[in-house]
Structures are given as structure tokens and as C-alpha cells.
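Working notes for the structure below.
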Amino acid sequence: MPRMEEQINKPKNMKQTVRRLLTEIKPWRKQLILAVIMATLSVVLTVFGPMVLGMMTTSATTSIAKGEGILWNEINQLLLILVLLYVFSSVVGYIQGIMLVIIAAKMTKEIRTRILDKITKLPMSYFDKVKNGDVMSRMTNDVDAMAGELANTINEIVTSTVMIVGILVMMLFISVPLSIIAIISVPISTIFVKKVAEGAQKYFRNQRKIIGNLNSKIEEDYTGQLIIKANTHEEKTLVEFRKINEELYETSRRAQFLGDLPFPITHIFTNFAYVLICMLGGYFAIIGRITIGNVQAFLQYVNQFNRPVTEIAQLSATIQKIVAAAERVYEFLDAEEESEEPKEISAVAIEEVMGEVEFHDVTFSYDKKKQPIVRNFSCKIKPGMQVAIVGPTGAGKTTIVSLLMRFYDPDSGYITIDGKPIREMRRADVRKMFGMVLQDTWLFSGTIMNNLKYGAGRNIPDSEVRAAVKAASVEHFIDSLPDGLKTMVDEDSDNISAGEKQLLTIARAMVADPPMMILDEATSNVDTRTEQMIQNAFMKLTKGRTSFVIAHRLSTIRNADLILVMKEGNIVEQGGHEDLLKLNGFYAELYNSQFAEEE
């Protein structure tokens, strides 16, 4: 079914998101607390630096004023203390920095694992509505922005706060009037910063959304290059890409502008305070209220006081990015999952599958607001029957199979296998009963051997794999490869033709040896010779098993035990090939129209 644009909610409550973010740190809170303590120690040691420098200056100027020589012993002792303070502070700061990197890496790994686990629990309807690129963007870009920055941001907030408090204590110790001038600039700049931060939030969230759309567009264009070139749509594709890219640029520009604005705002007020402190401090030194060394130390503290204040102001942009990314990650993690599975103890299980399948008045719609795709569908299939499902596009053929595999559950009615409702079974147990060979073949990066063993659910000896390869008529092709079954398959398996991929997927189903089989449009994109090979392989695969075949080429299902003819979600005819032709109904119309097209 066609994809729909993902509905993006309005920005969530920032406090709620931040609170939830802080819970993410809990598994590593001991390490984080230790890192914060070490960072605090590093800051405290740094804070004493200007005071020691001031003492050195006061010692030197006092000695000179008295007409005495500089007391080098005292200066050297203070210098040694200063060096030890800065060295120890740097070592402690380096160690806590490494600890934060480890915490961020572990947190990123854990969140990505949760996202991947969530993907396995989401219903197929979610992937029908949400673009693949957007999910990938949440798993990569948003997790990096969220987890990669969170631990560092918490550390910076704590250390900056400790530095502000430490410096404030030292400034108050030196001079209360000068401290008041330095302090008064903070609340004024904070008011402006808060207003700017509120405006930046919506742009940062929109930026994350557009990045997801851009990733989807890049993925779509990359995988569809053949179609794009064949239809000479290169220019149109570029126009569409430029439109999204321009939108991202404009949103990013505004987000970055507002995100960086707190720094110059804070800088203006702190520099203004710095000028006043220089003037008043100089006056106090002249009248002897404070020493020159204390003025020097105070000016250094003002510069250091500005730095954590500025850093906290700049962190507002980082926090906006983290919250925007976290909202998108949580939006995915909170998405509605598949209906709850029955508990393993109470779940219905079939020890030996016979293969009797029955649909009981099944109705289903992908969108509950629209007309059902399948309406009041009932049918009983006996064990070992080969059932063909035919009909025009949109008739509901593939939907029937999706319901059977429990990719979706019926809106009403139910399906049974060997008399037992599949809704009462675990989804994994239902899907293990079936082997699927689809029109869109899928092979993962790895050896052909590993691909063929995929989904078997048990340790398969190589001899069984070779037997399946021979039965699927793909032995000659594999033997012609340099490394045989050990040949590596490319990421998109471009080194294997469509027909060869199809035969390999049949061989894979043979290796898995399921009780029942589904062949969905598996011969629609191959030549006549390959189609015959696929048909022969499929006949071997389905022998003695209940099997379902969905095909547009009606010539391939003449020997089916039962043909279900679907139209607009209903079975309009059913029976064998010859019987349906004699009816001269919808099936005969479809069959004759195909042969007229071929002629």
C-alpha cells in the first residue's frame, strides 16, 4: 500500500522530556556522579589559581613599595603551589573526560539496541506509514544528538554551576561592591537568553524532522537510480532534493542563529560589567581599600565568571538539540506495538502441523476510516492442497497472506490452522509454519551458504543445503561461481540476476523445510525459461504441503487444487482451472485477456 507522510506532533512538554532523559542516565549514575565529583575537584583547584597569582603580585608590589627586594623564596613557593594546582586539575579533568566518553558510548549503544528491539515489535502498518529514511535518521542522527551530548551536557552544567559558586565566593571574599556589579549582569542576560531559547526549540525540532525526510529522499533516489535514469527524471529528482535541502538550510540557519544568540547577549552584559569593575577596582586600589593583587585576582575571576555563565548560555542551544532529538526518539519508542502476545504457558501450540487452514468470515482494512480491503472472507483449505489466489491489483490477494502470517490481525472474524485460532498462538510460532518466496527477493550481505541457512531455526548440515540447491535447479549457477556456496553476496545482491535470486530464495525455503508454503508473485519478473525452472522447483517444494500461490500469470496455476478468484476483497469464484473456465465468469475473463495480450 502507498506510504503516507508521518504525522509530526507539536513539540512535547520540555520538562517531561528532560525528566525522562535524566532517567536514561540511571544505569550509569555512579560513574556519572564520580565524573562530576572529579570535575568539581578540578574546578575547585582551578578557582584557587587567581588568588595565588594575586598573592604573588601583592608580595612583589608590597616589597617594592617598601624599598625592599622581591622575596623570591615566597614567590617561588607560591609558584610551586600554582603549578601543582593547575597540573592536578588538568589530570583530574582528563580522567573525568574519558569517563564521560565511555558513559555516552554505552548510553548510545543501549538506546540503539532498544530501537532495534522496538522495530521487531512494531506492526507492519507502522512501516506502511513511516518512511524508512526517517526511522534510520532517528536511530543514527537523533540518538547521536541525544545520547552523545547528554552526559557531557550534564557534566558541563554541574561544573559550570560549581565554578560560578566557587568564583562568587572568592569574589565576595575580595570585595562585596565589585561582586554586586559582576552578579547583577547575570539575571538580566538570563531573561534575554530564556526568551531566545523558547523561540529556538521549534526550529531545532523541525530541523530533526527535515533531516529524516532528507535521508528518506536520498535512500529513495539511491535505490531507484535505474528507474530515474530510464525515465530521464534526473532533473526532477534534483529539483525535489534541492527543495528539501533548501528547507533544511533555512530551518538550520534560523535554529543556529537563535541557538548561538545567547552567547553575544551574555557577552554584552558581562563586558559592560567588566568595564565598571575595572574603574571601581582601580579606585579602591588607589584609596587602599584593596590590594593591587586582589584587583588582579578579581579581574581574573570576572573573566572566569563570564566563561561558565557564557557556557551555560551556549548550552541552551545544545539542550534544545538534545530535547528535539529525544522527542523524536521517544516518539518512536512510544509507538503502538503489535497486539499483546498470549503468554507462552497459555499460548496455543501445534505439535505436528497437518496444514488445514480456514478463514472464518474475515474482514480487514489497513485504514479503519476507509472501506475494508477484505470483506467477510471465508474459505476452508484441506491439508496438502495447492491453493492459488488470483485477481486484479488491489483485490486483496497479498492481504490474505499477510493476515495468514499474522503481519496484521483481522478487524473481525478469525483464522484457524488445524482447527486452532492463530490469534491465540504466538506470532513466531505461526510464522515458523510457513516458508515464503516473495516477488521482492531479499538476500543479505554474506555468503550464499549463510543466506540459504537463514531462517532455518536449527543447525543445518551442508549436505542438506546442497540437496536443496540441487532440488531448486540452482546447482549449475552456484558451481559456476569462483567460490561456490562461499561466494559473497553484495549489499544489494547486484552480482546475482533476478531469476537466480528467486531460485536461491526457493532453495532457502527448502532448507528451512516448513510445513506450509507461500509463493507471492514469485514469477512475475523473470523470463519464460527461468519461470519454468522456478515452477519446477516450487512443485518439488510444495509436494505434500499446504501451499498458497499468488500469481498474475494464470498459466502458472493451472494445476492448482483450488483457485480462489478475488474481486474487491471478496471471493467471487472458486474451483479448479477447467471448472472455472466452463463457468465463463470473471476468472475466464482474466485468463482469456492474458492470452489475448500475449498474442
Side-chain angles (χ1 to χ4, degrees), residues 355-359 374 377-401 404 434-441 471-474 498-499 501-503 505-507 509-510 514-599:
E356 181 184 271
V357 179
E358 188 168 1
F359 291 81
V374 177
F377 177 79
S378 296
C379 180
K380 185 172 183 178
I381 295 118
K382 296 178 181 178
M385 288 182 67
Q386 185 182 103
V387 180
I389 307 173
V390 301
T393 301
K397 305 185 297 298
T398 302
T399 302
I400 292 294
V401 170
L404 188 59
F434 294 92
M436 288 192 77
V437 180
L438 305 176
Q439 176 184 353
D440 297 324
T441 55
S473 304
V474 75
K501 289 180 191 177
Q502 201 65 264
L503 289 169
T505 57
I506 291 176
M510 287 180 171
M516 294 179 281
M517 276 302 306
I518 295 170
L519 182 70
D520 184 1
E521 305 280 5
T523 61
S524 60
N525 288 332
V526 297
D527 57 74
T528 306
R529 180 176 175 275
T530 305
E531 178 185 327
Q532 188 58 51
M533 292 173 67
I534 292 172
Q535 283 299 313
N536 293 338
F538 192 67
M539 290 300 292
K540 295 176 185 177
L541 177 61
T542 57
K543 187 177 181 180
R545 309 173 200 257
T546 303
S547 55
F548 298 83
V549 184
I550 299 174
H552 281 304
R553 296 186 185 180
L554 303 187
S555 59
T556 63
I557 46 91
R558 290 173 181 170
N559 297 324
D561 298 311
L562 176 65
I563 299 174
L564 303 177
V565 186
M566 296 194 68
K567 184 179 182 182
E568 297 178 355
N570 294 313
I571 296 179
V572 294
E573 295 171 4
Q574 59 179 304
H577 173 69
E578 295 297 335
D579 295 334
L580 290 174
L581 285 180
K582 288 177 183 178
L583 284 176
N584 200 28
F586 188 56
Y587 176 80
E589 181 184 333
L590 290 173
Y591 186 81
N592 293 328
S593 66
Q594 281 196 6
F595 276 91
E597 289 173 6
E598 290 176 9
E599 291 172 3

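Bear in mind that the values here come from a model prediction, so they are computed numbers and not experimental data.
- Contact detail for Thr546 and Pro383: the closest heavy-atom pair is OG1-CA, 3.5 Å.
- Residues meeting the side-chain contact (heavy atoms from CB on, under 4.5 Å) test with Glu358, sequence neighbours left out: His360, Lys380, Thr416.
- Annotation: side-chain hydrogen bond (donor to acceptor under 3.5 Å, both in side chains) contacts involving residues 578-590, sequence neighbours excluded, comprise His577-Tyr587.
- Among all heavy-atom pairs drawn from Pro392 and Met566, the shortest one is CD-O, 3.5 Å.
- If you take NZ on Lys397 and CG on Leu564, they are separated by 12.0 Å, rounding to the nearest 0.5 Å.
- Put simply, the side chain of Thr399 does not reach to within 4.5 Å of the side chain of Phe377, judged on heavy atoms.
- Of all heavy-atom pairs between Val572 and Lys567, the closest is CG1-CB, 3.8 Å.
- Distance check, rounded to the nearest 0.5 Å: CD1 of Ile400 to SG of Cys379 gives 9.0 Å.
- In this pair, Phe434 and Phe548 present their aromatic rings tilted. The plane angle is within the 30 to 60° band.
- One distance of note links CD of Gln574 with CG of Leu580; it measures 9.0 Å at 0.5 Å rounding.
- Gln386 places no side-chain N or O within 3.5 Å of a backbone atom of Val549 that could act as its donor or acceptor partner.
- No side-chain donor-acceptor contact under 3.5 Å links Ser547 to the backbone of Ile518.
- Distance CZ/Phe359 to CG/Leu404: 4.5 Å, rounded to 0.5 Å.
- Nearest heavy-atom pair, Ala560 versus Ala388, reported as atom, atom and distance to 0.1 Å: CB-CB, 3.9 Å.
- Here the closest heavy-atom approach between residue Arg558 and residue Tyr591 is recorded as NH2-OH, 2.8 Å.
- Note that the CG atom of Leu562 and the CD1 atom of Ile381 stand 7.0 Å from one another [nearest 0.5 Å].
- Closest approach of Ile563 to Gly576, counting heavy atoms only: CD1-C, 4.3 Å.
- The CE atom of Met385 lies 14.0 Å from the CE atom of Met516; values are rounded to the nearest 0.5 Å.
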